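First up is the structure itself, then whatever we jot down about it.
Owing to the predicted nature of the structure, the values given are computational and were not obtained by experimental measurement.
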Amino acid sequence: MPTVLVIDDDPSVFLLTRKALDGVADIVTAETADEGLELINRRQFDAVLLDIMLPDRNGLALYCEIKEKDRRLPVIFMTVEAASGTAIEAMQLGAFDYVAKPLSVSALRHLISRAIEQRELASVPVAIVADEELAKESGELFIGRSTPMLEVFKAIGRVSKQNVPVLVRGESGTGKELVARALFQYSHRAEGPFLAVNCAALPDTLLESELFGYEKGAFTGADSRRIGKFEQCNKGTLFLDEIGDMASIVQAKVLRVLQDQRFERIGGNNELKTDVRIVAATNRPLEEMVSENTFREDLLYRLNAVTIHLPPLRERPSDIPMLIQHFLSQAKVEFNKPDLEGASPETVEMLKGYSWPGNVRQLRAVVRRCVLDSALPVLVPEVLPNAIKEELAKSATQRPASAIDSVSTASHGNGQPSPTVAGNGSSGNGISVAGGVGDSASGIGQDSAAALAAPGGRTDAVDGMASMSNEMPFSHDDSDADEPNGLGLPALVDNLFEQKSTDMYSEVIAYAERYLLLRVLRETEGNQSKAAAILGITRGKLRDRIASYDIRLESGVRIGE
């Protein structure tokens, strides 16, 4: 059972905490700061309840000594004087929480349970490490290695040195300005200026004057001549963000600049010449706007010489860990948190599972907020915003809600019959396993299955396993006649011997692991938390194995085709 250290000189607090935490944690008590520090030096605790006012010294000073010995130990301050200044100072130091006396039994029980849980999660090696050097090296560069992002990088490389307009399209928050900056950085204009204008942030008249400038006396308040962005950006690159929000009159003037690089200031008669490369960006459907006469068709054609599409974050989940590490490293430096170690595996898995409607910008904001909110050196799920936890909980409840009682394996084009394993004597919804006999009924890995199905491969091994519908290993209940009876694994090994396999270990291990995952997931009706507890692994590890074997949980538990 977890152990909580209570440091206080009031015996009634000891009685109350023992009552509140009965069945939650064992209680060890200390009446002075020195006694509490000695106990921490001798043994491990899962949380500390620390009084602010102690006989031998202030609790805030003791807290600093505790943190030097164990940075991951959650410390909760208690005091009769619930002054705002004391609470603020405690939280500034990095306290887990701060409670006022008299203590509430239910609130204290909940708080300590949270602290113990976070202590446990923070004790697991971090999945992502916050690295100050990485923050310095990365700067504003793109982060990502997914296939969609590699296509973006290649597109930038192809057009960066070409003196043509570029239209960057993508949802809000995907990083369209970063594309514009990369096009500038790798172009022949890299020594010139780079200016950005958000067309949606300025009223029409102000946007026009911002882009083209104006002469003195052009309108009320124009007390002197002003040079616009097209003039300032000569020999450089001008980024027009949210160009879909640009007014028609401004669109016409921008079109002229694109066509012949000439313009006039507002209120002026002199034609000015400039040399500007325009990179525009939008998240709006410009083609629909053209049909609605809210965007000029000729301007779209001029801007659309080259189009780069930025994928939303939900379409490149493999990039999320890299982005998390980048933002964590930046926050560690910016918020001066040298003790920040990184994010726990559970936290990373939850962040990867979220849909991110605000894309990379939202992920950055969430990571920064979590760093500010975390009292521990490791980010744990507790500090994630409620919106993320609620969406993930909702998606979990939308997975199979009814019991799943059979396993069926469809033919995979090899002419073999489709074996079925029935369970629990029920004829209700089943765990459908879509895939070939060689790669799901036999349970061997996908790469091995491909080798079996290939011309000249071990096809007779597959043939020999086609009849093993009820011969998978690890039978668990003799009373369940339809469950596997333990003959599948020996038969598989015999077949692999006959075929002189040189990868027998991995094929047999994959066979056993896949069967075990399917068996446990069926028993838990697709509940990953229960399955992970039964298997003795983390939910993150379970999700990795589910993905590796392409087990689908949308409607029943099955292996995808």
Side-chain angles (χ1 to χ4, degrees), residues 127-128 138-159 166-183 196 198-201 239-245 279-289 295 300 303-304 306-328 330-331 343 347-370 384-396 398-399 543 547 552-554 560:
I128 290 178
S138 298
E140 293 297 324
L141 297 179
F142 272 120
I143 305 295
R145 294 178 183 170
S146 61
T147 300
M149 287 307 295
L150 289 178
E151 292 302 318
V152 172
F153 301 153
K154 288 189 284 185
I156 292 171
R158 282 192 291 265
V159 304
V166 178
L167 179 62
V168 185
R169 309 187 78 160
E171 295 179 8
S172 178
T174 51
K176 296 186 285 296
E177 184 169 346
L178 286 180
V179 174
R181 290 186 180 277
L183 288 166
N198 189 329
C199 302
F239 175 53
L240 300 178
D241 196 11
E242 304 299 346
I243 198 168
D245 293 279
V279 178
T282 185
N283 61 359
R284 302 187 64 180
L286 296 184
E287 290 79 8
E288 293 181 17
M289 295 176 66
F295 196 83
L300 174 59
L303 291 172
N304 214 14
V306 175
T307 300
I308 296 178
H309 291 273
L310 261 180
L313 190 55
R314 63 182 173 275
E315 292 181 6
R316 53 184 188 110
S318 60
D319 289 337
I320 290 178
M322 295 178 64
L323 289 163
I324 294 171
Q325 184 176 37
H326 176 65
F327 297 141
L328 272 178
Q330 286 185 331
T347 305
V348 175
E349 286 300 319
M350 291 179 72
L351 291 174
K352 285 172 64 178
Y354 185 58
S355 62
W356 298 110
N359 294 292
V360 179
R361 184 185 294 127
Q362 183 188 10
L363 174 60
R364 179 177 183 269
V366 165
V367 171
R368 290 164 62 83
R369 176 61 186 270
C370 289
L384 293 178
N386 289 332
I388 293 178
K389 291 184 277 193
E390 287 168 5
E391 179 182 301
L392 294 175
K394 183 178 179 181
S395 63
Q398 289 174 347
R399 286 173 184 154
R543 291 191 193 102
R552 306 291 177 81
L553 302 174
E554 290 87 351

Within-4.5 Å side-chain heavy-atom neighbours: [X] and [Y]:
X      : Y      : value
Asp319 : Ile143 : no
Arg158 : Val306 : no
Pro357 : Ser172 : no
Val360 : Phe327 : yes
Val152 : Pro148 : no
Leu286 : Leu167 : yes
Phe295 : Leu303 : yes
Gln325 : Leu328 : no

Is Lys394 salt-bridged to Glu391, going by a charged N under 4.0 Å from an acidic O?
no

Hey, does the side chain of Asn283 reach the backbone of Glu242 with a donor-acceptor pair shorter than 3.5 angstrom?
no

Just how far is it from atom [atom1] of [X] to atom [atom2] of [Y], taken to the nearest 0.5 Å?
X      : Y      : atom1 : atom2 : result
Ile243 : Asn198 : CD1   : CG    : 11.5 Å
Leu313 : Leu323 : CG    : CG    : 6.5 Å
Met322 : Arg316 : CE    : CZ    : 9.5 Å
Leu363 : Trp356 : CG    : CH2   : 4.5 Å
Arg284 : Asp245 : CZ    : CG    : 5.0 Å
Glu349 : Leu392 : CD    : CG    : 10.5 Å

Among Arg361, Lys176, Arg314, side chain to side chain donor-acceptor pair (under 3.5 Å) partner for Glu171
Arg314

Sequence-distant partners of [X], side-chain contact (heavy atoms from CB on, under 4.5 Å), two or more places apart:
X      : answer
Glu315 : Pro311, Pro312
Cys199 : Leu207, Leu240, Met246
Thr147 : none

Test side chain to side chain contact (heavy atoms under 4.5 Å, CB included) applied to Lys389 and Asn386, step by step
CA-CA 5 Å; Lys389 291 184 277 193; Asn386 289 332; 3.7 Å; yes

Work out which heavy atom in [X] is nearest to a heavy atom in [Y]; give both atom names and the distance.
X      : Y      : answer
Ala196 : Glu177 : CB-OE2, 4.0 Å
Lys352 : Pro321 : CD-CG, 3.9 Å
Phe239 : Ala180 : CD1-CB, 3.4 Å

